[in-house]
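The next block holds one structure in the form of structure tokens; read it before the comments.
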Amino acid sequence: MSGLLEPNQVVAAVKGLHWRTSLEIHKLLKDNEDFCITYNDGEEGAEPEKIDVEKLVGMLPLHLLSVFISSDEEDGKLGYLLSGIRLLNTFCDLTSRHPRLDQVLLDDVVLTAQMLDLVIFTMVALGGNRKESWKSDYDSLIEATMVASTLHLMHGFISPNSQDLVIVLLAHPKVDVFIDAAFGAVHNVVRSLRAKLLHRQADQPKKLGANSVGAVNAHCQQAEAALQFLHSLCQHKLFRDRVAKNQELCGKGGVLMLAQSILSLYITPEWVGAAVIIASISRINAKALSLLHHLFEAESVSFLDEVERSGSLHLAQTVASKVLELMRLGLSRASKASPPPHEYPMGFVLLNAMRLADVFSDDSHFRRFFTKHFTMVLSAVFCLPHGDFLSMLCSSDLSSREDDATLDYDLFTSSGWVLSAFSSPGELAVPQFKLNFQNNLTMSSYAHQRTSLIVKIMANLHCFVPEVCTEDDRNRFIQTFVSGLRKDPTSILVNLLPSSTYTPEAQRGTSVCKNISSLLHHAEFLIPNALNVEDLMILRVFCQQLEPLIRSEFEESQAEVKDNQGAGGSSSGKQLGKEPLNLNNDEASEDSDVRAEGAATKQGVNNEEMETAERSKESDNLETSGSETSSNRGGKGLVDQAEDGDLARTFTKRLKVSASSGEAKEDERAEASLLLEKQRTKRKRSIMSDDQMAMMEKALVDEPDMQRNSVWIRTWADKLSLQGPEVTSAQLKNWLNNRKAKLARAASKQGPSRDNNSSGDLPESPGDENTWPQQQKPTTPFADKASASSSEGLKRGQQVMLVDERGVEVGKGTVLKTDGEWYGLSLETRQVCVVDVMELSGLYDYSKMSIPYGSDDVGRTFGEANSRFGVMRVAWDASKLQ
């Protein structure tokens, strides 16, 4: 660039122009055709200066970088750098109005690279020293603002979309340096905020031009904005996986130390009345929990395994303790009939803490810890009166819910306030940034997620996996749960409710049974959108095992009640002593205004799921491998839960139902195979929004068996993630399997379905030897020879034999589709069916044999079709199906 500006000219321009808004600079540029600005540097008697904006913009990133690199530690250096970043952001805002600025700032690859280097170096400089150190109020607040402003500057010169930022950052050769430094810089911001919360403002060496609440509020906003930026990046799978592989952050516990510092932010009595500060810290906690959950669920590497290998499990233990405390506080508040009003959104603290607890409780290193401590909290919750319990965990309409929000960070306003606060003699009002509510969960979705997470955690704690558990762990959860019922609930939950609110100990056995019965019924309604069948089955086993224990534990108290009630009570007490408490009593929830939706159909669901568990119990292999990425993650073994003699006999007796038709049995065996197959895979937790589920239902019309094709699952997982909550491939496959099982149960009650667009009744065990008897004939034969030339006599799910032109058997398969279009082929017009081939004749080499109606989309041989769909899916003439 010819005619470069002198460094002192650039310094004067930064000091004189960073106060001007983008609108003011726009007017100045519009009034000057030569793209120059005349400004006053603020010194008295100084002549106005004129500067070429194009030259200034071209030199500014490199100039700020050189100032940062210089070893000069003079006062005001950070303030000047913040002024330069503020001015650079203002020029980025003007690119849409001035093509010349757009050409210089956004189209110049070299300048863009310099700005990215400026961001990375700033993070390195501000995140390098991670040791706890006390700094002056000026240094701590201006560094916090520098971190937040520099990160958000990337929205100006790259893109406001976090997905675009991820693509650019991952392509940068120093991406790992940036990730490590950015997390360290945010950690330093949190450390300085923690020190400010713990020390009174009077103890600070330099007074701000604002009251103490305003100063802390400003610092909270900077910390929230910086953490929010990292959280937005970690919502994307590629960036999340890159962070999970970072040895400094995950292997050495950098992320866990950041989470520990955030969850340790303490509100001293001085700030109790400051609602804006309390809400901001609560949202910071919620974002930290969500960020951790994203990393724990990374598919490329097991986060907790990496932590274990590096010897940092003690850090994870500390975080787990904080999570447990947040859950105890959150459930205590949820149990209160009239929750305290919040002037500002507090974030999904409880919901995110429960999501993390779901992961922790499924890991062998933390299962015993959660069994010991969280089980007591669960016992106290189940001691609530029946009506209060239903309102809390068995309702779709809660009295209150958490509200989430994101901070609409304004770099210009934020940095301007900080720069003014230290130079203004008067008190300045702290700018309050707009909060954008992010309540993408309806009230019912929030309630269902909270309940399903309780059920999942209970299922995790009640499971017993011999490979990773000791014999002492067997039935530890249920024994701790029963012992907790004897304790005073007010000593476990935060004392928000008086002791008289909870069920008296003498009546606690009956009340707890009613509560857990209602939870079981309500959990049935949550399948498959919010809960897995597997978790429901383990909850049912828990109920069966809990019944005799409660009866034994509380029958003495019940006898005392009987004596106090006289003759009428004697009859009731005697009956209780002889008959088990019915955990499936539908009357348990009839005395409450809050009813679980779908109760009219739940009995049918119970019987079918019980039959599935009965068949599963007879299987040889019901152990699960737990996590796909961790050998320490436990799955659910139903047999191990039911090995105790009385429980096994009771469970078997209650699961037996009348025999059904032969075709229904085939569907049930397929469903049992589905359950066993799901038990061999890790259960990824995910809740899709209504829009995402609508997208999937539409996609399944054309591809009803998408769960068999891993390529499609990955593709659709990426598509869904762009339209709502993050959905991984494993989570999507789990949702598809649950959906299929639900449709299969409905089809077995209504008879064979003729809906070609439904995926409910397709066998889930292709290739099973029992599925293909040696001389099997078609289930629905053609009515006559004339109908044999069309697909009208065939139905979806029917098992058929494929023959060639000579009538020679090619293989056996299952009809997938008989009408509509399939990759441009009109099935009805051509009288063709789509068939999933499960077994080929030994005379053929399927990898080379051509298939009819082949194409580049569906493949031209059986081998290509198998690679496309994960199964040999072909179009076959209906006249050649028998």
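Note that the coordinates shown come from a computational prediction; the quantities given were computed from them, not determined experimentally. Residues: numbered from 1 along the sequence shown.
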(Q) For a quick check under 3.5 Å, do K196 and H219 share a side-chain donor-acceptor pair by atom type? (A) yes

(Q) Once side chain to side chain contact (heavy atoms under 4.5 Å, CB included) is applied, do any residues pair with N89, and if so which ones, sequence neighbours excluded? (A) D93, L153, L411

Q: Say whether, by atom type as modelled, one donor and one acceptor occur between the side chain of D535 and the main chain of K456 under 3.5 angstrom.
A: no

Q | Non-neighbouring partners of K252 that pass side chain to side chain donor-acceptor pair (under 3.5 Å), sequence neighbours left out | A | E248

Q: Could you label the plane-to-plane angle of the F121 and F68 rings as parallel, tilted or perpendicular, counting under 30° as parallel and over 60° as perpendicular?
A: perpendicular

Q. Would you call E325 and R328 a salt bridge, using N to O less than 4.0 angstrom?
A. yes

Q. Among all residues two or more places apart in sequence or in another chain, which pass the side chain to side chain contact (heavy atoms under 4.5 Å, CB included) test with T318?
A. Q260

Q) Who pairs with K237 by side chain to side chain donor-acceptor pair (under 3.5 Å), at least two apart in sequence or on another chain? A) D241

Q | Results of ring-ring contact (aromatic ring centres under 6.0 Å, His included) for H236 - residues two or more places apart only | A | none

Q | Partner residues of A226 under the side chain to side chain contact (heavy atoms under 4.5 Å, CB included) criterion, sequence neighbours left out | A | V147, A148, L151, V186

Q | Contacts of A357 that satisfy side chain to side chain contact (heavy atoms under 4.5 Å, CB included) - sequence neighbours left out | A | V323, M327, F370, I457

Q.
List the residues meeting ring-ring contact (aromatic ring centres under 6.0 Å, His included) with F412, not counting sequence neighbours, and say none if there are none.
A. none

**Q.** F229 backbone acceptor or donor facing S232 side chain under 3.5 Å
**A.** yes

**Q.** Contacts of type ring-ring contact (aromatic ring centres under 6.0 Å, His included), residue F366, not counting sequence neighbours
**A.** F360

**Q.** Q228 versus Y409, side-chain donor and acceptor atoms under 3.5 Å
**A.** no

Q.
Run the side chain to side chain donor-acceptor pair (under 3.5 Å) test against S483 and tell me which residues pass, sequence neighbours left out.
A. none

Q) Considering residues at least two apart in sequence or located in another chain, which fulfil the ring-ring contact (aromatic ring centres under 6.0 Å, His included) criterion with F481? A) F382, F542

**Q.** For R368, all residues meeting side chain to side chain donor-acceptor pair (under 3.5 Å), sequence neighbours excluded
**A.** T470, D473

